[in-house]
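Note sheet for the following structure.
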Amino acid sequence: MVGNPKPQTHHVAVLAFPFGSHSSALLDVVLKLAPASPHVLFSFFTTSRANTSLLSKVSPSSFHNVEPHDVADGLPEGFVPSANFEEAIGLFLKAAPGNFMTGLKNAEAATGLKVRCLVTDAFFWFGGDMSEEIKVPWVPVWTSGPRSLLVHVETDFMRERVGTVTGKQSISFNCIL
């Protein structure tokens, strides 16, 4: 965390799928939520390779209350990637529940803050099981459409900016997109 003037009192764990644009889309959501919630520590979990790529594109000043954490990628020692990337995805997904839980417990120990909410890529089916195990709410996010989550977060802003509409009027939302 870089220069956050407010101490965090809540802890949200965010689990990102490291392939395609999933982790980038989820990090974008977190980086938009974090400034609005300075009392919340967002622990962002994905593989080292994905974090390295993501962090090279983001200013360190964006991470006041966001801490990236690396999880193992599930690939065996000496693994040579083939043209079939689905093999690496399968190995990652097989190991992911245990690797994410280990990372989550390590983050709790390092920060002294118990995770109070689990946000995951929506197709991490094991997110529901993890949230039940640690007794916290689970928020699955459909990363190909994160705007739906932001609409809920920014509802008050949109109403201030545009107002409320009755009837069948058409309004452009270009001012907020």
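What you are looking at is a predicted structure, and each value in this text was computed from that prediction instead of being measured.
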State plainly whether one hydrophobic cluster holds both Val58 and Val14, where clusters connect Ile, Leu, Val, Met, Phe, Trp and Tyr through side-chain heavy atoms under 4.5 angstrom apart. yes
Under the side chain to side chain donor-acceptor pair (under 3.5 Å) test, residues paired with Arg116 that sit two or more places apart: His10
Which heavy atom of Pro35 sits nearest to which heavy atom of Lys32, and what is that distance? CD-O, 3.6 Å
Only counting residues at least two apart or in another chain, list the ones meeting ring-ring contact (aromatic ring centres under 6.0 Å, His included) with Phe126. Phe124
Working to the nearest 0.5 Å, report the span between NE2 of His64 and CG of Leu31. 10.5 Å
Set of residues satisfying side chain to side chain contact (heavy atoms under 4.5 Å, CB included) with respect to Asp73, sequence neighbours excluded: Thr47, Leu75
Result of checking Trp142, Phe45, Trp125, Phe123 against Phe17 for ring-ring contact (aromatic ring centres under 6.0 Å, His included): Phe123
Contact check, side chains of Asp121 and Val141, non-hydrogen atoms, under 4.5 Å: no
When hydrophobic residues are tied together by side-chain contacts of less than 4.5 Å, even through go-betweens, does Leu118 share a cluster with Val71? yes
Would you call Met130 and Leu15 a side-chain contact if the rule is heavy atoms closer than 4.5 Å? yes
Between the main-chain N or O of Arg49 and the side-chain N or O of Ser53, is there a donor-acceptor pair closer than 3.5 Å? no
To the nearest 0.5 Å, atom CG of Asp70 lies from atom OG1 of Thr46 at 8.5 Å
Of all residues at least two apart in sequence or in a different chain, which pass the side chain to side chain contact (heavy atoms under 4.5 Å, CB included) check with Thr9? His39
Among all residues two or more places apart in sequence or in another chain, which pass the ring-ring contact (aromatic ring centres under 6.0 Å, His included) test with His11? none
OG on Ser43 to CD on Glu67, rounded to 0.5 Å: 5.5 Å
Hey, any chance Val136 and Leu33 share a hydrophobic cluster, counting ILVMFWY side chains that come within less than 4.5 Å of each other, even indirectly? no
Flag yes if more than 12 heavy atoms outside Phe79 fall under 6.0 Å of its CZ atom; otherwise flag no. yes
Residues passing the side chain to side chain contact (heavy atoms under 4.5 Å, CB included) test with Ser24, sequence neighbours excluded, are Asp28, Leu54
Review item, side-chain donor-acceptor pairs of residues 87-113, under 3.5 Å, at least two apart:
| from | atom 1 | to | atom 2 | distance (Å) |
| --- | --- | --- | --- | --- |
| Asn99 | ND2 | Ala72 | O | 3.2 |
| Asn99 | ND2 | Ala95 | O | 3.4 |
| Thr102 | OG1 | Gly98 | O | 3.0 |
| Asn106 | ND2 | Thr102 | O | 3.4 |
| Glu108 | OE2 | Val115 | N | 2.8 |
| Thr111 | OG1 | Ala107 | O | 2.8 |
| Thr111 | OG1 | Leu113 | N | 3.1 |

Could you note down all residue pairs passing side-chain hydrogen bond (donor to acceptor under 3.5 Å, both in side chains) where residues 131-140 supplies at least one of them, sequence neighbours left out? Thr120-Trp138
Compare every heavy atom of Asn65 with every heavy atom of Ser37, then report the nearest pair and how far apart it is. O-ND2, 2.9 Å
Give me the atom names and distance for the closest heavy-atom approach of Pro38 to Gln8. O-NE2, 3.3 Å
Strictly distance-based, threshold 3.5 Å: is any side-chain N or O of Asn51 a donor or acceptor partner for the main-chain N or O of Pro68? no
Hydrophobic clusters here meaning ILVMFWY residues chained together by side-chain heavy-atom distances under 4.5 Å, can you tell me if Val30 and Leu55 are in one? yes
Can you name the ring-ring contact (aromatic ring centres under 6.0 Å, His included) partners of Phe42, sequence neighbours left out? none
If the condition is side chain to side chain contact (heavy atoms under 4.5 Å, CB included), which residues does Asp129 pass it with, not counting sequence neighbours? none
